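Taking it in order: structure first as C-alpha cells, then the write-up.
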Amino acid sequence: MTTIATTASGGGSAAGDSLTRDALAVLQPGFDGTTAPDWVRRRIGEGLASVALFGRNVVSEDQVTALTAQLRAERDDLLIAIDEESGDVTRLDVRTGSSFPGNHALGAVDDPDLTRAVSRELGRRLAACGVTFDWAPSADVNADADNPVIGVRSFGATPDLVARHTAAWVEGLQSTGVAACTKHFPGHGDTNVDSHHAVPRIDVDADTLYERELPPFRAAIAAGTRAIMSAHILVPALDPDRPGTLSRRVLTELLRGELGYQGLIVTDGMEMRAISGTYGLEHGVVLAIAAGADAICVGGGLCDEGTVLKLRDALVAAVRSGELPAERLADAAARVRDLAAWTAAARDDAGKTAPDPEIGLVAARRALAVTRTGHAAPVTQPVYVAQFNPAPNIAVGDRTPWGVAAELQRLLPGSASGSFTGEGAGDAVLAAAGGRRIVAVVRDEHRHDWMRSALSALLAARPDTVVVEMGLPQAPPRGALHIATYGAARVCGVAAAEAVVAG
C-alpha cells in the first residue's frame, strides 16, 4: 500500500504519489513577491500545474516576463493565470490604470469587432508577458443597477448584448493563445450582496434564469471558451441548499449536462467569505471538486505555502475517506493538464499578433456619452478636479489610480485636485476650489446618498461645474457638461479629460 503524506511538511513520498500530484494539480494558488518563491518552484516539481498572478506580483511588463520565465523553467506547460478583465479590474496595469476600457464601455459602443480587437490586444500583451490563462471575461447580465460588485464589469443589462460581446471577447483573447475563463456562472448580475463578504441569493424562477442569465454562457461555449468560473451565489431555483461553486446541480447537471460544456471549470476565489466563512476553506475545496469543479482559485488573500499544503492534504484525505471519489479528482486534474497542453500548443501556433497599442484609447473615446445641460463657457483655464471616492470593492481593489486629474493637469497646466468622501464633501470642495472652475468626478452616483447630496450642493453653488461619471451612468445627467465614461480605466480618464477641454 502506498503511503500518502498528509502533513504540512509535504516531504517524503508525497512528491511521487499520483493522488497527491492530482491534488496539487487542481490548485491555482497565488504567492507573494515579484520573483518566483522557492516553495512554488518546488511544488511545481511535485505536480502543481497552475499558479496565479495578482497585483502584488506586478511591477512592470518586463518584470512579469522575467517572473513567468522563472516559473516556466520548472514546467514548460505551466498554466499562469491572472485576473485581468481590463477596465476597473486590472492587474497588468494595477499601478497606472488599465490601457483598455472595461466591459461596460465596450457594451455601450456595441461593436463586437471593437470588443474583439480590444481583447486581442490584451491577449497579445498577456502572451508577451508569458501569461497563458485569463480569468475573464465577466458574462454577467447586470440586471440590478445597485449590484455592488459587478456594475461596469458587465457588458450591459440585456442578455443579447452581453452574449454577443462575451463571444467576441473570448474569440479575440484566445486568438493570441491565451485561454479565456468566462465568469461568474450561472450569473452574478442580479445580486445586491458582494460574495467577497457573504453569500448572495438570486430569487428568480428557472425561466428567468434560463432566459436572462444563461445566454451569455451559451455564447461563450459556442465561441470555444476554454474555461468557465463558478459563482459563489445561491440560486434556489437550481439548488436551494448550496451555492453554485459547491452545487453538483449547477456545475455537473446544468453546465456539463444541459449546456454540454466540456472545458475547465474553475472556482471563484475560495477565500471569499461566501465559501470560507460558511463551509470552511478546506471543506469548501473538497465540496467544490466533488460538485464538478476542476480547478481551485486561491491566493487573492491567502498566498502562502501552508495554505497550498492544507488544501492538498484535505483533498487527499477526502479521497482516502471516501468523501471524494478518486476518479473525480483524477478527472479534474486531467482537465487542468489538458488546458495546460492547449495553452502550450496555442502559444506556438498563435505566433506574433501585430500590436495595436492605440485600440484601448480609440474604444474609450467611442464609449463616451457627452450631455450639455447648461450654457457655461468652454473650459480653457486651469480647473479644480474634485474626485468623490466611494469605498472600493475587493475585486477592483484600492491600488489602482483612477479619475481625470492627471490628464487635466497635463492639458490645463496649473490645475489642482483633491479627493473627497462622506457627509459635507460638497462644502469641502467649494472651500478647496476657490474661484476655479470645478470638474466633479463621481463613480456610481446613484448608489451613494452622500455623493448625490455632495454633488447637489456643489451644483447649487456652482452651476457651471462639469460632471464626469466614471461608474454606471444611472443618475440623470446634470452639470453644465456631463460626461459618462462607462468605467474608470486610465484610458477612460484620458478620453474624458479630452472631452472636458473640447467642451
Side-chain angles (χ1 to χ4, degrees), residues 55 85-91 93-98 101-102 104-105 145-153 192 194 196-197 364 383-410 415-434 436-462 465-475 477-479 481-497 499-500:
E85 298 177 14
S86 296
D88 289 30
V89 178
T90 181
R91 308 303 177 224
D93 292 330
V94 66
R95 296 168 186 268
T96 60
S98 182
H104 211 62
D146 289 330
N147 193 313
V149 69
I150 301 300
V152 294
R153 300 168 67 194
N192 57 16
D194 185 343
H196 290 90
H197 303 298
V383 296
Y384 188 83
V385 181
Q387 183 166 303
F388 293 142
N389 283 329
N393 68 53
I394 292 176
V396 174
D398 59 4
R399 296 171 178 241
T400 306
W402 66 283
V404 302
E407 186 65 12
L408 279 176
Q409 285 164 1
R410 186 184 72 81
S415 293
S417 64
S419 295
F420 303 85
T421 190
E423 187 176 353
D427 291 336
V429 172
L430 289 170
R436 298 180 187 222
R437 185 86 172 268
I438 297 170
V439 177
V441 186
V442 297
R443 201 170 184 176
D444 293 342
E445 179 201 339
H446 69 286
R447 291 185 51 236
H448 304 285
D449 290 341
W450 70 266
M451 192 181 295
R452 186 164 48 251
S453 297
L455 191 56
S456 294
L458 190 56
L459 290 170
R462 299 287 294 274
T465 294
V466 175
V467 178
V468 180
E469 169 63 83
M470 301 194 77
L472 282 180
Q474 292 291 311
R478 51 186 181 151
L481 183 70
H482 185 277
I483 301 166
T485 63
Y486 298 88
R490 179 184 61 80
V491 287
C492 295
V494 171
V500 169

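No hydrogens, no waters, no symmetry mates; every other heavy atom, side chains included, goes into these values. The structure presented is a predicted model; accordingly, all values stated were derived computationally and were not measured.
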>> Looking at every non-hydrogen atom in both residues, tell me the closest pair between V442 and M451 and how far apart they are.
In response: CB-SD, 3.6 Å
>> As an exercise, state the distance from CG of L458 to OG1 of T465, rounded to the nearest 0.5 Å.
In response: 4.0 Å
>> Please evaluate residues T90 and E85 with respect to the criterion side chain to side chain contact (heavy atoms under 4.5 Å, CB included), reporting the C-alpha separation (whole Å), side-chain torsions for both, the decisive distance (0.1 Å), and the verdict.
In response: CA-CA 6 Å; T90 181; E85 298 177 14; over 6 Å; no
>> On a heavy-atom basis, which atom in R91 and which in G55 lie closest, and how many Å separate them?
In response: CD-N, 3.8 Å
> Under the side-chain contact (heavy atoms from CB on, under 4.5 Å) test, which residues partner A488, sequence neighbours left out?
Replying inline: D88, W402, R443, M470
>> Run the side chain to side chain contact (heavy atoms under 4.5 Å, CB included) test on R436 and V383 for me, step by step, so that the C-alpha distance in whole Å, both residues' side-chain angles and the decisive distance to 0.1 Å come before the verdict.
In response: CA-CA 5 Å; R436 298 180 187 222; V383 296; 5.7 Å; no
> Does a sphere of radius 6.0 Å around CD in E423 hold more than 12 heavy atoms from other residues, nucleotides or ligands, not counting ones at 6.0 Å or beyond?
Replying inline: no
> Would a 4.5 Å heavy-atom cut-off, applied to side chains only, mark D93 and R490 as touching?
Replying inline: no
>> Under a 3.5 Å distance rule, please check whether D444 uses its side chain to pair with a backbone N or O of L472 as donor and acceptor.
In response: yes
> Could you state the interatomic distance from CZ (R410) to OG (S415), rounded to the nearest 0.5 Å?
Replying inline: 12.0 Å
> Shortest non-hydrogen contact from G87 to A489?
Replying inline: CA-CB, 3.8 Å
>> So Y486 and P101, do their side chains get closer than 4.5 Å, heavy atoms only?
In response: no
>> Which residues pass the side-chain contact (heavy atoms from CB on, under 4.5 Å) test with A405, not counting sequence neighbours?
In response: V385, Q409, S417
> Which heavy atom of A461 sits nearest a heavy atom of L430, and at what distance?
Replying inline: CB-CD1, 3.7 Å
> What distance do N389 atom CG and F420 atom CZ have between them, rounded to the nearest 0.5 Å?
Replying inline: 10.0 Å
> Between atom CG of L455 and atom NE2 of H448, what is the distance when rounded to the nearest 0.5 Å?
Replying inline: 13.0 Å
>> Ignoring hydrogens, what is the shortest heavy-atom contact between F388 and A440? Give both atom names and the distance.
In response: CE1-CB, 4.3 Å
> Between atom CZ of R399 and atom OG1 of T96, what is the distance when rounded to the nearest 0.5 Å?
Replying inline: 13.5 Å
>> For A454 versus A425, what's the shortest heavy-atom pair and its separation?
In response: CB-CB, 3.8 Å
>> Going by side-chain hydrogen bond (donor to acceptor under 3.5 Å, both in side chains), name the residues that satisfy it together with R478, two or more places apart in sequence or in a different chain.
In response: E445, S456
>> Could you go through V439 and V468, starting from their C-alpha distance and side-chain angles, then the distance that decides it, and tell me whether this counts as side chain to side chain contact (heavy atoms under 4.5 Å, CB included)?
In response: CA-CA 7 Å; V439 177; V468 180; 4.0 Å; yes
>> Quick check for you: to the nearest 0.5 Å, what is the distance between T485 atom OG1 and E469 atom CD?
In response: 7.0 Å
>> Does any part of the side chain of T421, heavy atoms only, come nearer than 4.5 Å to the side chain of W450, both counted from C-beta?
In response: yes
>> Before you tell me yes or no, could you show the steps for V429 and I438 under side chain to side chain contact (heavy atoms under 4.5 Å, CB included), namely the whole-Å CA-CA distance, both residues' side-chain angles and the distance that decides it to 0.1 Å?
In response: CA-CA 9 Å; V429 172; I438 297 170; 4.2 Å; yes
